[in-house]
Structures are given as C-alpha cells and as structure tokens.
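To start, the structure under review is shown below, and the notes come after it.
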Amino acid sequence: MPFNEPNPAEVRIISQRFSLENSASIDTYLANEGYAAFRKALEMGPEAIIEELKASSLRGRGGAGFPTGLKWSFVPRTSPKPKYIMVNADESEPGTCKDRLLMQFDPHQLLEGMLIGGVAVDSHQGYIYIRGEYRYLIPIVDKAIEEAYAKGFLGDNLLGTKFSFHVRTHTGAGAYECGEESALLESFEGKRGIPRIRPPFPAVSGAYQSPTLLNNVETFSSVPAILRMGGANYAGLGTPKNGGTRMLCLSGHVNKPGVYEVPLGFPMMRVIEELGGGMRNGKKLKAVIPGGSSCPMLKAEECDIPMDYDSLAKAKSMLGSGGMVVLDEDTDMVRVALRIMRFYQHESCGWCIPCREGTTWLKKILTRFVDGMGNENDIVMIGDLSKNMLGRTFCPLGDAAAMPTIAIIEKFRNEFEEYLANGPRAAVPQFAMAH
Amino acid sequence: MPDPINFTIDGRQLQAAPGTLVITAAKQAGIEIPAFCYYEGFIAKAACRMCLVEVEKMPKLQTACTLPVMEGMVVRSATEQIATARKMTLEFLLTNHPLDCPVCDKGGECELQDMVFRYGAGESRFTEIKDHADEQQWSPVVFYDPARCILCFRCVSVCSEGMGVGALGVVNRGVNSEISPNLHDHLNCDECGMCIDICPVGALTSGIYRYKTRPWEMEHVGTICTHCSNGCKTTLGVRNDQIVRGNNRDRSGLNGEFLCIKGRYGFDFTANEERITSPLLRVNGKLEPVSWSTALQAVAKRFTAIKEAGGTFGVICSTHTTNEENFYLQKFARQVLGTNNIDHQRTGDVVTLFDALSGTTGQLATIEDFYKSKAVLIIGADLSQQHPLLAFQVRANFRHHNARLYVTGEKPVREDKIATRAAHYSDLRDKLAAEPGLLVVFDDSLKGQAIRDLVAFGSTLNYPVSYCCLVDDSNSRGAIDMGLVPELLPGYHPSNQPGMTAAEMLANPDLDALWVVGANPPGAIVSTKAFKVVHDLFLTETAQKADVVFPSASAYEKTGTVTNVTGEIQRLTQALRVMGPKPDLEIIGLIGREMGVAAQLGPWISDKVLTEIRSTIRAYNVPLPLIDTGGAAQTTPVNGRIPVETRPELIQSQHDNLFTSGTLGRYSEILNSVLEHQRQ
C-alpha cells in the first residue's frame with residue numbers, strides 16, 4: 001500500500017502504478033505499458049527525444065526547475081568521453097518525501113527514464129545516488145535492476161539493437177549538501193561532498209570529468225510518460241511553460257497529509273482543502289512553505305496562487321521540491337525560524353565563510369532569542385546577516401538558509417516583537433527541540 | 001602569440017593575456033583584490049569569498065580568482081556593495097576566530113590582521129559565545145590551532161599539490177571542520193614547514209619559533225641555505241645575534257616560496273653549545289684552548305719547516321666553504337706549499353659530464369629549467385629526499401604545464417605517482433624521441449663512461465638535451481669549479497702534475513702535514529708523523545685527532561659566494577656575528593701572513609678574492625649587479641675537453657635525506673628531534 005489514500009483530484013501519471021499489487025516488480029511494470037517508451041525512444045533517436053522533452057516543458061523536479069529538454073541538449077553527445085546518467089536520489093530538502101515513494105513503488109519507471117536518457121545522450125552507464133538515510137530502498141532498487149538485467153532491459157545489445165546500458169546504485173552518507181549536483185558528483189567520486197566551481201557544469205564535465213546528465217528521480221520518472229503520450233499532451237496537462245504533473249508532499253497542519261500528484265498550476269488552496277482535507281482542528285491558515293524549507297514562505301493572504309514554477313517565482317518564492325508545509329495560526333514562527341536555521345547550520349559543508357559562519361551566527365542569535373534572551377537589535381541583525389549571506393556563498397545552500405529567514409523576519413516581525421514584549425511562548429512539549 | 005584581451009577594472013582600461021584570471025590581471029595593474037584561499041600556483045578554491053567583484057552583465061557577484069578576463073569585460077572592485085561584502089565576510093570570519101593577537105605568533109605578519117585593518121569593521125557585532133577547540137601539536141615543529149583556523153585550505157594545497165606528500169586533510173563538516181594530520185593526531189611527513197608559512201593566520205605555527213619574539217623585533221637577512229646543493233634562499237630572522245627562525249615568505253631567490261626542513265629549521269647548529277669557540281693546540285697529548293697568535297704561530301712554524309725540508313702536504317677541503325675560501329686555499333696549497341695534493345669529498349662526476357658536452361653550449365640546466373622543461377628524466381636520484389627544491393620544481397612543472405616525467409633507479413620515489421618508470425633510460429627511447437625537449441638529471445649512480453653513454457644517447461634525440469649532474473652540498477659544485485681536486489686547476493684546466501686524492505693522502509705513511517678545512521673524512525690517518533691542522537665548527541672525529549684546531553664560522557656568519565648544483569652562483573649575506581670563530585678565509589689568510597706570504601696570496605677579503613676569481617676563471621665572470629641584488633647568475637661552463645683520467649671510484653654521494661646533513665645535521669637539535677619523532 002502506498003503511503004496515503006489516492007485522491008480523486010489527483011492526475012496520476014507517474015504515480016499511477018503505486019496502488020497495484022507488487023507495483024515494483026517488472027512483471028507488473030511490463031503489464032502496464034512498461035518499457036514501451038524505451039522501445040519508442042530507440043526508434044526515435046536522440047534529437048527527437050530531446051525535442052519531445054522540450055515540447056513537454058518538463059522542468060527539474062528536484063528544486064531548481066530548470067527546463068529538462070534544454071539540460072539534455074547541453075550534453076555533448078558526440079564527445080569521445082564516456083557520457084554518464086546520474087540520478088539525484090539524495091532527497092533531503094526538508095518537507096520532501098516523493099522520490100522515496102517513486103523508488104519504492106515504481107523503480108522500473110525510473111530505470112526506463114534513465115534508459116531513455118542514455119539513448120538521448122549516447123550514454124551506456126547510469127548511477128543512482130541514493131541518500132544514506134534511504135538505505136532501506138537500496139535492496140528494492142537493486143532488485144529492480146536485477147530484474148531488468150534478467151529480462152533484457154539492462155545490459156548489452158538491448159532489444160536487438162547495439163545500445164547497451166548498465167546501472168548501479170550508490171549510497172550517500174548523510175549530507176544535505178550532497179543533493180547539490182556538483183557536491184553529489186564529488187561524493188560519488190569518493191571525495192568530500194563539497195560543491196565544485198562552475199562552469200564547467202555537469203553536462204560538460206560531471207562524473208570523472210566526463211559529460212553527465214544529472215536529474216532528480218521524479219524528473220527521470222516523468223520521461224517515459226512523456227514519450228508515451230507525446231510532449232505536447234504532457235505539456236497540456238499543466239500551464240504554459242509549466243507542463244505536466246508533479247508530486248506534492250503535503251505536510252503540516254492539515255487533516256490528510258500525504259503525497260499527491262497534481263497538474264502544474266493546481267491552486268494552492270485546493271491542495272489544502274481538497275487534497276489535504278482542510279486545516280486540522282478547524283484552525284486558521286497562517287503560512288505555507290510551498291516547496292521545501294529553502295522557499296520563502298507565503299502568508300495566508302498570499303496563498304491564493306497556482307502551484308507552478310512561474311507563479312511562485314513571481315510571488316518571490318519557489319515551487320522547489322514540492323515539499324509543501326502548511327502552518328496554522330498557533331505556529332510559533334520564531335521557533336520555525338530557529339528550526340530552519342538549525343538545519344542549514346548543521347548541513348553547511350563548511351567550504352565558504354559566509355554560509356559556515358553566517359548560519360552559525362544566526363543559529364546562535366535565534367537560539368538565544370527563543371530562550372527569551374533576545375533584544376531589539378537581534379531582529380535587525382537576523383535580517384541584516386541573512387541579506388549579507390545572500391548571493392555571496394559558493395553554492396545555493398547559503399541562499400537557501402537566507403531566503404526563508406528574510407521572509408520570516410519580514411512577514412512575521414510582529415511575532416519576534418511579541419517575544420520581546422511578552423517573553424517566549426511555551427513550546428508545545430511533544431514538538432520541543434533539544435538544544 | 002594570441003592577441004591580448006581588452007577589459008576594464010575600476011575604470012582603468014587594461015590588457016592581459018587570454019586565460020589570465022581577473023585577480024591576477026588586477027594585481028598586475030596594481031589593484032589589490034583581497035583573498036585568503038587563493039594562492040598563486042595552486043588550484044583555485046573560491047572558498048573565502050573575499051575576492052568577490054561586480055561584473056557588468058553578470059547578475060551575481062563573481063569570484064575574481066576563478067574568472068578569466070574576457071574581451072570587453074567591465075569589472076568593479078571598489079564599489080560600496082563590494083566594500084560591504086568584504087566587511088561582512090571578515091565580520092563572519094571573526095565570529096569564531098579567537099582574539100589571540102597578544103599571544104599569537106602570527107601577530108604583526110598576519111593576513112587577517114592586515115585585511116581587517118584594510119577592509120574590516122572597527123567593531124564586531126557578535127555577542128554570542130565562540131566555538132572553541134584546543135590547540136594540537138602534530139610534530140616537534142608543527143602546531144595547529146583549530147579555533148584560529150580560517151579554513152582557507154592553503155595548507156592542504158601546498159602539502160598535496162605542492163609537495164606531493166598529502167599529509168593534511170579536512171575532517172568534519174561545516175563550522176566544525178578542521179584540518180587533520182595524516183596520522184589522526186600527528187604528522188608523518190617531510191616536516192618542511194611549508195604549511196606553516198603559507199598559513200595566513202596563526203593556525204599553523206612553528207614549534208621552534210613559538211613565543212620567541214615578534215616579527216618586528218627581528219632583523220631579516222636573506223642568505224643561501226648551507227645544506228644541500230640546490231641553493232635556496234632562506235630569510236633568517238635574527239634577534240640579539242641569534243637565529244630565531246628561517247623562512248622564505250618574501251618568495252625571493254631561486255626557490256620562490258619553497259623551503260625544506262633544513263632551509264627552514266636547520267640553522268640551530270650555529271647555537272649548539274658544542275661549537276668550538278677558540279683555537280685548540282695539542283699540548284702534552286691533549287687539545288687545549290690557546291690564543292689565536294699561539295695557534296697561528298704553531299701552524300706557520302711547522303708548515304714553513306716542512307716546506308723547506310721538501311715534505312709532503314695534503315689538503316682536504318670542504319663542500320660547504322665559499323668559492324673565495326676554496327680559491328684562496330688552493331692558491332695557498334699550490335703556490336705557497338707547492339703541492340697539488342688537494343681534494344674534497346666528490347659527490348658527482350661533473351668533470352666527465354663537462355668533458356662529454358665539450359663543443360656544445362646551453363646544455364646545462366638551471367633551476368628554472370626544472371620548472372620549464374617539457375619533459376624531465378630522473379636517473380637514480382630520490383629528489384624529494386636529497387634535492388627537495390628540484391623535486392618541487394619538477395612537480396610544479398607537471399602540475400602547471402603537464403610536463404612528462406620519467407624515472408629510472410633502484411628505489412621507488414615520490415615522482416613515481418606522476419611519472420613513467422623504466423628499468424633503463426634506453427627503454428624510453430621512443431617516448432623521449434617524441435618529446436619536444438628534455439632535461440636529464442642524474443646522481444652518482446652514473447659515473448665515468450656511463451655519463452658519456454648518456455650524453456651519446458641524448459645526442460640521438462633530435463633536440464638539445466639539458467643535463468644536471470647532482471652533487472651533494474651547498475658548495476660542492478664550487479669546490480670542483482675552484483679546482484679543489486688534485487688533477488684540475490681552477491676552471492677545469494688540467495694540472496701538469498696531478499697530486500694525491502684524499503684517500504691517498506690518508507693512506508700515505510709519509511705524509512708530513514694534513515690540512516683539513518671543513519671536512520670529516522672517514523678512515524684512519526696512516527701517517528703517524530703528520531702534523532694535522534683542522535678547521536671546523538665542532539670537534540668532529542677528525543678534529544679530535546688534530547694537532548691544531550681552528551674554530552670556523554658557518555655560512556650564516558660570513559660573506560662570500562657559493563655555487564649550486566646547476567652552476568648558479570649566489571651571494572651569502574652575513575646573518576650573525578660570532579665571538580670566537582672566524583671565517584675560514586680569514587684563518588687561511590692569517591696563517592699566510594704568519595708565514596710571510598700575505599703579499600703573494602693577496603688580501604683575505606672575499607670581495608677581492610672574487611675579483612681575482614672572475615678574472616681567472618671565465619665561467620665566473622658574471623655580472624656583479626645580478627648577484628649583488630640577491631639574484632643568481634649562471635656560471636657558463638667550460639667548453640672544451642678536460643683531458644684528465646676520470647676516477648669513478650672517488651665519486652660517492654653521501655645520500656643525505658631530508659633530516660640529515662653531514663656534520664651540520666648532527667649538531668642540529670631540531671633536525672635530530674624530528675628524526676626521533678619519525679622513528680616513533
């Protein structure tokens with residue numbers, strides 16, 4: 001059984017097999033249009049595949065939302081170096097829990113997406129970098145790989161062609177930064193998970209200094225469906241430049257948290273009401289984190305907004321990884337700020353000064369503030385320090401720490417001032433943070 | 001030559017070669033862009049973010065250390081936004097950096113201090129509790145303070161990229177990151193101290209220099225290291241006539257910023273309490289301290305007597321004394337004592353190489369060639385152990401220019417990781433023939449005919465090959481150049497009557513006098529009647545047998561010139577004044593004066609002797625301003641046959657390693673303590 005009950009408002013393209021018995025097995029996959037897209041891809045050839053992806057307006061589902069077709073076109077297919085397919089399964093963005101389901105319940109869909117990627121960029125070797133905390137998934141994915149080899153969908157001379165493709169899983173060891181594509185590659189190569197100087201980008205110089213096509217699990221998983229239904233049809237499911245469907249990880253103060261697949265552009269309030277079954281305990285909405293903790297949160301009055309990349313970007317937030325966290329009126333936003341900063345401070349790789357020292361300083365201020373020993377100057381400092389981390393760091397982790405903090409201090413400044421006036425709010429015991 | 005790129009920095013229109021980084025281009029134009037983690041010669045890191053600049057048409061600030069200049073680029077480094085960025089980066093850094101300045105050795109020469117003065121805020125707004133971690137000692141000479149560490153990672157770069165040792169790494173994550181030594185809590189490395197001098201702050205400090213003084217209390221004297229033959233400049237910090245430290249942070253000299261443990265720490269033999277500080281005379285079988293006049297008279301009287309009786313003299317010379325001392329000594333021996341029985345510990349068959357190269361020019365390598373040659377062939381030698389500057393140059397050549405390296409020899413060497421190995425250089429014929437150029441460096445595993453064979457092999461390659469014959473010590477090459485061998489006069493002119501070698505002198509039962517200047521030859525002195533005069537810093541085994549001992553000044557206590565392994569001559573600058581010991585040149589001159597031959601020998605002033613050398617030996621007629629200003633001048637080699645019999649059995653390298661250096665090393669407590677630490 002998948003994690004949560006499906007909802008009729010969903011449009012289940014990549015999660016359509018989740019409810020089937022033995023959904024992860026290759027027999028189930030083959031009985032449900034499995035590997036048909038791969039066959040088609042072999043006939044279409046690289047240029048046609050990439051054109052189809054461009055037409056689909058599929059955008060990276062890991063967080064950055066970069067147009068996938070465009071990214072695939074950057075890989076120099078004719079380079080004499082070996083090309084690699086790398087799946088970013090380092091799902092670590094707080095609030096995100098979709099890739100784990102895709103790997104657990106439909107791993108063959110992911111493998112098929114990798115195969116199509118291999119055809120598109122002339123790659124014959126793929127890797128799946130799975131975060132260390134998802135250790136339980138490795139046997140599941142490895143079994144799917146084994147099945148694929150056994151049934152002739154991985155290996156040499158596939159489906160009677162000259163095309164070969166091999167896949168191996170690789171485990172991370174517990175670092176959020178290793179979800180950053182270049183840090184992932186460093187970790188994959190056995191080095192410290194520190195991001196690389198870019199350019200060059202992974203498409204040109206990735207794993208082992210060779211061209212690498214690196215995408216999120218959900219992105220690769222969407223590719224077979226696109227080839228089966230056609231890029232334009234996939235695009236039509238969403239809104240212009242925001243095509244298709246995506247998995248939303250709905251959590252927080254709603255009645256029915258869970259992972260739901262919706263078309264791009266699905267209204268945020270419908271997510272809360274229809275998919276989430278409304279606010280828990282009849283409470284009022286206070287704020288929503290739209291796509292993972294790196295995204296600036298939206299106040300309740302800003303939540304009448306379509307869930308797509310461009311609309312949220314216009315509202316100065318992001319669709320991100322789809323980790324949508326709903327916060328009700330009782331939420332202590334000061335504690336939220338501290339909780340978020342603690343995450344980034346802990347995960348900061350330490351390479352660059354502003355992030356390493358900035359997140360530490362901010363964490364110390366926020367801790368002191370939450371403990372009731374804050375002052376007016378702290379409110380100024382929190383904003384100032386965050387703004388001075390923004391755009392100055394080696395990789396976007398610094399921005400990911402800064403942006404939500406700036407949003408909280410600007411949109412919920414009153415809660416900080418209330419702390420100063422009335423002292424800290426009592427922590428809800430079962431949610432109290434250990435210091 | 002590709003066209004230069006036109007670009008603008010802070011309103012100034014500039015040009016630079018394609019591929020130049022913005023930070024370098026700015027520096028060339030006199031615009032300072034600050035950086036901690038960027039260090040020329042090593043892979044850019046963009047970690048510290050101090051070098052951020054504004055670039056028109058690029059939305060985000062860019063690191064100048066990773067951005068190459070491009071046509072039409074407009075860069076701004078002096079805007080308010082950049083000033084704020086730099087101020088904030090420093091403020092961030094100072095949140096955990098302890099305010100140790102009053103007790104930190106780096107105070108006064110600390111890059112963080114400099115940066116904060118220039119770009120930082122006057123006050124920090126940080127009022128939280130700083131993270132702390134205790135200081136660690138990784139070796140007798142290396143201390144690490146994680147709290148002070150700004151995680152610029154320069155030390156990791158210099159150790160792995162620069163030295164090829166890789167003894168430093170990074171552990172933990174985020175603000176808890178620390179530099180870690182390779183053996184978890186201590187180091188197993190070359191102890192070169194490069195990490196200490198490259199550290200911009202006081203995170204890595206020297207155990208030798210610890211708490212001794214402040215940089216502005218020292219006089220800094222740049223002179224030539226007295227240990228191996230590479231000829232590195234070492235800048236000695238002197239306080240109250242004591243050498244407190246050595247480094248080469250001003251990057252002057254042939255060695256740039258490179259120094260090994262000996263150049264950096266191997267100075268303390270000068271202060272060893274066992275230094276001989278007055279002349280000694282054997283009285284009733286025991287060596288007694290006597291006055292200079294007593295000792296000099298004793299020697300002069302005896303030398304004169306032996307000379308008048310037609311006796312046999314033997315002179316054994318040093319590989320560390322200056323060219324002036326060497327020239328003067330052989331002049332004394334040949335013109336005053338009338339003997340060709342002069343020799344020193346020969347450690348490389350330079351003579352055969354020059355003879356084999358007769359008729360050619362430009363085929364002797366310089367230190368710079370080791371960095372620039374497209375390919376390098378290393379025969380027999382373990383450069384990292386015995387010739388660390390050459391090893392550093394070769395490694396930098398590989399890193400920066402992708403030079404091809406080839407090695408042959410018995411033992412594995414550090415270069416193996418980046419080189420092609422062969423059993424014999426002739427196996428590499430095809431590969432070497434395909435190279436555009438080649439530098440060949442060889443040690444005493446090639447002597448005599450083997451060297452001729454090598455040169456013959458080299459001439460089959462269709463380009464001129466450069467050669468370097470390795471010799472051991474700081475003036476081994478100068479010793480041969482000045483004719484401290486029985487068969488050659490200064491400048492490689494054959495003597496008409498070759499004398500005895502050192503071994504022959506020691507074995508000769510009829511030797512009447514043995515004069516040993518700065519040497520400790522192994523083996524018994526057979527002649528029981530020999531009058532033995534020894535100059536040295538310490539009572540070596542040879543000195544203990546002497547009839548008269550003179551206290552010598554070390555290379556750090558006198559002036560003069562020395563010639564390194566590639567034939568480059570450099571000036572010594574006196575760093576210390578000593579009470580008691582005298583430069584060997586002066587001692588020889590005083591003996592001569594005592595014997596009444598001062599006029600014949602000429603003044604024992606090193607500049608005057610150098611003048612005579614330059615007019616006697618064409619190779620040494622180098623432009624004086626070059627060496628007077630601290631530079632090195634290549635002595636042009638002899639170009640003609642050297643018709644002498646090669647005696648390969650006389651060539652023997654001592655095969656010192658990084659922690660040994662003959663007598664000087666024995667009396668260096670620092671080198672010995674590191675050796676002890678290594679053995680544990």
Side-chain angles (χ1 to χ4, degrees), chain A residues 173-178 183 191-200 342-369 373-375 377-378 380-382 384-399 401, chain B residues 35-38 43-52 54 58-63 65-68 81-82 84-97 112 115 121 124-131 149-153 156 169-180:
Chain A
Y176 168 73
E177 179 63 15
C178 288
K191 297 179 261 179
R192 280 168 67 82
I194 312 278
R196 296 174 175 172
I197 296 174
R198 283 147 305 150
R342 280 180 51 173
F343 174 77
Y344 290 105
Q345 192 274 340
H346 181 65
E347 296 292 342
S348 172
C349 75
W351 185 246
C352 76
I353 293 174
C355 173
R356 172 180 89 223
E357 309 291 345
T359 55
T360 306
W361 192 353
L362 281 163
K363 177 189 156 187
K364 287 180 176 170
I365 295 176
L366 285 163
T367 305
R368 182 168 49 76
F369 201 94
M373 294 180 293
N375 57 57
N377 192 43
D378 290 333
V380 175
M381 285 297 288
I382 291 167
D384 189 46
L385 293 177
S386 305
K387 292 207 179 89
N388 276 295
M389 263 188 352
L390 204 55
R392 308 252 177 91
T393 54
F394 188 82
C395 87
L397 194 151
D399 300 333
Chain B
F36 286 117
C37 68
Y38 175 71
I43 295 176
K45 302 181 187 63
C48 70
R49 317 308 285 175
M50 279 302 287
C51 70
L52 288 171
E54 290 177 23
M58 290 178 114
K60 282 178 71 169
L61 297 180
Q62 302 293 320
T63 46
C65 67
T66 55
L67 189 65
Q81 188 192 178
I82 296 297
T84 306
R86 291 175 183 172
K87 199 158 138 184
M88 280 310 303
T89 303
L90 289 169
E91 191 176 9
F92 279 134
L93 201 51
L94 289 170
T95 58
N96 277 320
H97 190 86
L112 181 57
M115 292 255 210
S124 171
R125 300 172 291 173
F126 184 79
T127 52
E128 321 301 325
I129 297 177
K130 290 183 191 257
D131 295 336
C149 180
I150 63 170
L151 294 170
C152 69
F153 312 112
V156 178
V170 191
V171 293
N172 300 339
R173 184 173 78 196
V175 81
N176 299 320
S177 300
E178 277 183 24
I179 308 297
S180 168

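The sequence lines fix the lettering, A, B, ..., with proteins before strands; numbering per chain opens at 1. Values below: all heavy atoms of this structure, side chains included; hydrogens, waters and symmetry mates excluded.
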Compare all side-chain heavy atoms of [X] with those of [Y] and state whether any distance is below 4.5 angstrom.
X: A:Lys364; Y: B:Thr95; answer: no
X: B:Thr63; Y: A:Arg392; answer: no
X: A:Val380; Y: B:Arg125; answer: no
X: B:Lys45; Y: A:Ile194; answer: no
X: B:Met88; Y: A:Leu385; answer: yes

Considering all heavy atoms of both residues, which atom of [X] and which atom of [Y] are nearest to each other, and what is their separation?
X: A:Pro354; Y: B:Arg49; answer: CD-CG, 3.5 Å
X: B:Val175; Y: A:Gln345; answer: CG1-NE2, 3.5 Å
X: B:Ser177; Y: A:Gly350; answer: OG-CA, 4.3 Å
X: B:Asn172; Y: A:Arg192; answer: O-NH2, 3.0 Å
X: A:Ile353; Y: B:Cys48; answer: CD1-O, 3.5 Å
X: A:Phe394; Y: B:Ala46; answer: CD1-O, 3.1 Å

| request: Measure up the B:Phe126 and A:Trp361 rings against each other and bin them: parallel (under 30°), tilted (30 to 60°), perpendicular (over 60°). | output: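 It falls in the perpendicular class, over 60°.
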| query | For A:Ser386, which residues count as a side chain to side chain donor-acceptor pair (under 3.5 Å) partner, sequence neighbours excluded? | reply | none
| message | Under the rule for side chain to side chain donor-acceptor pair (under 3.5 Å), what residues qualify as partners of B:Glu54, not counting sequence neighbours? | response | B:Thr79, B:Gln81
| note | In this structure, OG1 of B:Thr127 is separated from CG of A:Asp378 (nearest 0.5 Å) by 6.5 Å
For [X], is it the side chain, the backbone, both or neither that has a heavy atom under 4.5 Å from a heavy atom of chain A?
X: B:Leu52; answer: side chain
X: B:Lys87; answer: neither
X: B:Asn176; answer: neither

| request: Take A:Thr360 and B:Glu128 through the side chain to side chain contact (heavy atoms under 4.5 Å, CB included) test and state the conclusion after the steps. | output: CA-CA 10 Å; A:Thr360 306; B:Glu128 321 301 325; over 6 Å; no
| With respect to chain B, which residue among A:Cys355, A:Gly358, A:Ser348 yields the maximal number of heavy-atom pairs within a distance under 4.5 Å? | A:Ser348
| field | Heavy-atom contact with chain B under 4.5 Å, split by part of A:Thr359 | value |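 Interface part for A:Thr359: neither.
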| field | Residue A:Asp384 versus chain B: region with a heavy atom under 4.5 Å | value | side chain
| side chain to side chain contact (heavy atoms under 4.5 Å, CB included) evaluation trace for A:Asp399 with B:Lys60 | CA-CA 12 Å; A:Asp399 300 333; B:Lys60 282 178 71 169; 4.1 Å; yes
| request: Would you check if the side chain of A:Arg356 reaches a backbone N or O of B:Leu93 as a donor-acceptor pair within less than 3.5 Å? | output: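 Looks like no, no N/O pair under 3.5 Å.
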